[in-house]
Amino acid sequence: MGMESSAEAPQPVRAVLQAVGGWIDRLGAIWVEGQIAELNSRGRMSYLTLRDPIANASVRVLCETSVLRRQGTPPGPGDRVVVHAKPDFYQLKGTFSLRAREIRHVGIGELLARLEQLRRTLTAEGLFAPERKRPLPFLPNTVGLVCGRDSAAERDVLENGRRRWPAVRFEVRPVAVQGDRATREVIDALRELDAHPEVDVIVIARGGGSMEDLLPFSDEALVRAVAEAATPVVSAIGHEQDTPLLDHVADVRASTPTDAAKKVVPDVGEQLEIIRQLRDRGRRVIKGGLDREFTWLSGIRSRPVLADPVRETERLMDQVLEARDRARRSLTISLDRAADELRHTEARLHALSPATTLARGYAIVQREDGSVVRSATEPAVGESLRLRFAEDGLTATVDSVDTPDGPGEEGRTEAREPRTSARATKGGSGKAASGKASTPKKKTTAAKKAAASKKAVEPGADGTEGEGPGAGTDDDTTTENITEGE
């Protein structure tokens with residue numbers, strides 16, 4: 001229930017303090033967790049300042065010195081503890097404090113569990129993602145160093161860095177590396193170096209220590225500050241087995257401060273050796289290439305075409321002449337062979353030509369429609385026939401037909417005086433000759449020519465050309481079919 005007061009009836013100070021003291025007394029004993037910021041022992045009593053590790057809040061704790069000595073290892077500044085205390089209000093001065101009845105170190109298992117939970121939370125936010133890591137510059141202009149004042153870590157980084165590259169420069173920011181002020185000082189130094197225009201990389205270094213000593217480098221505020229920095233950060237906290245959360249968020253983790261110097265600053269001796277090796281390799285490559293080109297050039301120059309161009313021209317000229325002679329001989333032989341074949345073919349064609357047969361004295365007997373007469377019995381008496389010779393021809397009329405049995409019926413009629421008429425056309429020009437026989441024994445011009453060509457055209461049984469069946473007769477009016485023209 002609140003106190004009643006007004007401007008006309010205010011409450012005195014003692015009443016307010018008594019009321020506040022009464023309210024605090026009703027709280028009873030409580031368990032409080034925090035970090036020891038200050039610790040002073042005066043005789044039987046000890047005075048502590050218990051600080052909240054996250055918020056900027058603290059409270060005074062009073063206890064008997066024997067309470068601290070109950071622990072195997074008495075707690076000291078920077079240790080996280082759990083205090084069982086009774087809230088106390090000193091009414092004479094109006095101060096609040098806790099009167100501790102028991103003080104315990106925070107258990108290692110519990111502390112590790114809390115750190116693991118924080119690590120999972122930050123990992124889920126992506127602060128430890130590999131793609132966020134930035135590469136270190138090959139040769140930094142200035143190296144920022146955050147470390148303890150006059151610490152071994154500072155000497156290791158400076159000496160190794162200058163030994164590896166004497167021209168390297170450092171911007172050192174000494175800070176507290178353990179205790180309640182370590183986290184805030186490291187964050188301030190980090191932000192100051194991150195804003196420095198010449199600083200290319202920042203190294204946060206600390207020597208080895210217990211897990212409690214390294215707790216400031218697992219602080220959530222420091223981890224987030226490193227993640228927000230624009231300059232690459234190298235973590236070199238403790239030894240190889242120490243892994244604070246700063247190692248996970250930093251761009252490069254070094255196992256020790258000496259290793260950090262090796263990672264940040266290149267070794268001038270190693271770089272000179274690399275340059276020498278590259279120079280030697282370049283020389284070998286260039287020399288090898290030149291040697292190959294010289295060998296190729298020597299091979300080209302030793303070829304006959306370049307060593308003696310005239311000889312090569314003469315050789316090619318000889319080849320051309322030889323090819324020309326060979327072509328001429330081949331062409332001459334081919335032409336001679338073709339001429340022989342042409343003569344043989346001409347002879348065969350001449351031998352097989354009907355004109356050759358006609359030139360030997362044979363004739364072809366044809367009707368007016370152009371059909372060939374193959375037998376004496378085919379034409380009728382009085383029918384006009386054409387006789388074809390080699391160079392000319394003539395037209396004749398059939399007066400009688402002679403057969404192997406004797407003269408035909410028309411030929412045996414003695415009362416009828418035979419008449420013969422013929423028209424000759426030389427060269428097939430159509431000119432004709434005709435006339436009458438004075439006596440039956442007299443032959444006409446057409447009959448004489450027909451009698452002269454009574455030889456048979458077709459070959460005989462022995463394969464030679466023989467006379468036809470009527471070769472022995474001299475009848476003036478008999479005609480015979482010799483052969484058929486092509």
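Note that these values count all heavy atoms, side chains included, but never hydrogens, waters or copies made by symmetry.
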Exercise for the section: Using the side chain to side chain contact (heavy atoms under 4.5 Å, CB included) rule, take Arg315 and Arg311 through it: C-alpha gap first, then chi angles, then the decisive distance, then the call. Expected result: CA-CA 6 Å; Arg315 185 180 66 83; Arg311 180 182 303 175; 5.6 Å; no
Problem - Arg253 side chain near Thr243 side chain, heavy-atom distance below 4.5 Å - result: yes
Problem - Which atom of Val168 lies closest to which atom of Gly161, heavy atoms considered - result: CG1-O, 3.7 Å
Practice task
Taking all non-hydrogen atoms of both residues into account, name the closest pair between Ser218 and Leu115 and its distance.
Solution key: CB-CD2, 3.8 Å
Exercise for the section: Determine, for Arg329 against Asp325, whether the closest basic-nitrogen to carboxylate-oxygen distance falls under 4.0 angstrom. Expected result: no
Problem - Pairwise distance CG(Leu335) to CG(Leu342) - rounded to 0.5 angstrom - result: 11.5 Å
Handout entry: Side chain proximity check, Leu245 to His248, heavy atoms < 4.5 angstrom
Key = yes
Practice task
Could you list the residues that satisfy salt bridge (Lys or Arg N to Asp or Glu O under 4.0 Å) with Asp267, not counting sequence neighbours?
Solution key: none
Exercise for the section: Indicate yes or no: at least one non-hydrogen side-chain atom of Arg181 is less than 4.5 angstrom from one of Arg184. Expected result: no
Practice task
Could you tell me the separation between the CZ atom of Arg99 and the CZ atom of Arg60, rounded to the nearest 0.5 Å?
Solution key: 11.0 Å
Practice task
Please indicate whether Arg42 has more than 12 foreign heavy atoms, meaning atoms of other residues, nucleotides or ligands, lying under 6.0 Å from its CZ.
Solution key: no
Problem - Side-chain ion pair, Glu171 and Arg173, N-O less than 4.0 Å - result: yes
Exercise for the section: Check whether any side-chain heavy atom of Arg101 lies under 4.5 Å from a side-chain heavy atom of Val67, and answer yes or no. Expected result: no
Fill in the blank from the handout: Nearest heavy-atom contact between Val83 and Ala100 is CG1-CB, 3.6 Å
Fill in the blank from the handout: residues 122-135 vs side-chain hydrogen bond (donor to acceptor under 3.5 Å, both in side chains), sequence neighbours excluded, gives Glu125-Arg224, Arg134-Asp251
Fill in the blank from the handout: Nearest heavy-atom approach of Gln366 to Gly370 is NE2-O, 3.8 Å
Practice task
Nearest 0.5 Å please: distance from the OG atom of Ser302 over to the CG atom of Leu297.
Solution key: 9.5 Å
Exercise for the section: State, with a plain yes or no, whether a side-chain heavy atom of Leu349 is found less than 4.5 Å away from one of Leu352. Expected result: no
Exercise for the section: State the CG-OG1 distance between Asp194 and Thr231, to the nearest 0.5 angstrom. Expected result: 4.0 Å
Practice task
Could you tell me whether the side chain of Cys147 reaches within less than 4.5 Å of the side chain of Val172, counting heavy atoms only?
Solution key: yes
Handout entry: Residues, nucleotides or ligands: over 12 heavy atoms within 6.0 Å of Lys86 NZ
Key = yes
Exercise for the section: Decide side chain to side chain contact (heavy atoms under 4.5 Å, CB included) for Phe89 and Leu27; before the verdict, give the C-alpha distance in whole Å, the side-chain angles of both, and the deciding distance to 0.1 Å. Expected result: CA-CA 11 Å; Phe89 185 75; Leu27 289 177; over 6 Å; no
Problem - pair Arg14-Gln91: side-chain heavy atoms closer than 4.5 Å - result: no
Exercise for the section: Find out whether Phe170 and Glu154 are in side-chain contact, i.e. whether some heavy atom of one side chain is under 4.5 Å from a heavy atom of the other. Expected result: no
Handout entry: Salt-bridge criterion met for Arg155 and Glu159 (N-O under 4.0 Å)
Key = no
Exercise for the section: Mind listing the closest non-hydrogen atom pair of Val81 and Pro75 along with its distance? Expected result: CG1-CB, 3.9 Å
Problem - Trace of the side chain to side chain donor-acceptor pair (under 3.5 Å) decision for Arg292 with Thr295 - result: CA-CA 5 Å; Arg292 287 192 301 271; Thr295 302; over 6 Å; no
Completion exercise
Sorted by chain and number, sequence neighbours left out, salt bridge (Lys or Arg N to Asp or Glu O under 4.0 Å) with Glu322 holds for Arg326
Practice task
Please report the C-alpha distance between Met45 and Glu64 in whole Å, then the side-chain angles of each, then the deciding distance to 0.1 Å, and finally whether the side chain to side chain contact (heavy atoms under 4.5 Å, CB included) criterion is met.
Solution key: CA-CA 4 Å; Met45 296 298 295; Glu64 296 182 358; 4.0 Å; yes
Exercise for the section: Verify, without hydrogens or angle tests, whether Asp259 (side chain) and Ala254 (backbone) share a donor-acceptor contact under 3.5 angstrom. Expected result: no
Handout entry: Donor-acceptor under 3.5 Å (Glu185 side chain, Ala176 main chain)
Key = yes
Practice task
Quick one: pull up CG in Leu39 and OH in Tyr47 and give me the separation to the nearest 0.5 Å.
Solution key: 12.0 Å
Handout entry: Partners passing side chain to side chain donor-acceptor pair (under 3.5 Å) against Gln271 (at least two apart in sequence or in another chain)
Key = none
Practice task
Please confirm whether the backbone N or O of Trp165 pairs with a side-chain atom of Arg163, one donor and one acceptor, at under 3.5 Å?
Solution key: no
Exercise for the section: Answer yes or no: are there more than 12 heavy-atom neighbours, outside Asp150 itself, under 6.0 Å from its atom CG? Expected result: no
Problem - Arg324 atom CZ, over 12 foreign heavy atoms within 6.0 Å - result: yes
Handout entry: Other residues, nucleotides, ligands: >12 heavy atoms within 6.0 Å of Arg44 CZ
Key = no
Practice task
Mind checking salt bridge (Lys or Arg N to Asp or Glu O under 4.0 Å) for Glu116 and listing every partner two or more places apart, or none if nothing turns up?
Solution key: Arg119, Arg120
Exercise for the section: May I ask you to decide if Asp156's main-chain N or O and Thr258's side chain share a donor-acceptor pair within less than 3.5 Å? Expected result: no
Exercise for the section: Check for a donor-acceptor pair, side chain of Asp88 on one end and backbone N or O of Ser97 on the other, with a separation under 3.5 Å. Expected result: no
Exercise for the section: Can you spot which of Leu122, Val226, Val233, Leu222 makes a side chain to side chain contact (heavy atoms under 4.5 Å, CB included) with Val249? Expected result: Val226
Practice task
Considering only NZ, NE, NH1 and NH2 on the basic side and carboxylate oxygens on the acidic side, decide whether Asp280 and Arg284 come within less than 4.0 Å.
Solution key: no
Practice task
Using a cut-off of 6.0 Å, state whether more than 12 heavy atoms not belonging to Arg281 lie near its atom CZ.
Solution key: no
Handout entry: Ionic contact status for Glu346 with Arg343, cut-off 4.0 Å
Key = no
Problem - Sidechain-backbone polar pair: Arg164 side chain, Val265 backbone, donor-acceptor under 3.5 Å - result: yes
Practice task
Mind checking side chain to side chain donor-acceptor pair (under 3.5 Å) for Arg162 and listing every partner two or more places apart, or none if nothing turns up?
Solution key: none
Practice task
Go through the steps to decide whether Ile103 and Cys63 satisfy the test side chain to side chain contact (heavy atoms under 4.5 Å, CB included), and finish with yes or no.
Solution key: CA-CA 9 Å; Ile103 299 178; Cys63 67; 4.0 Å; yes
Problem - More than 12 heavy atoms of other groups within 6.0 Å of Trp296 CH2 - result: no
Practice task
Write down the atom of Val201, the atom of Val234, and the distance for their closest heavy-atom approach.
Solution key: CG2-CG2, 4.0 Å
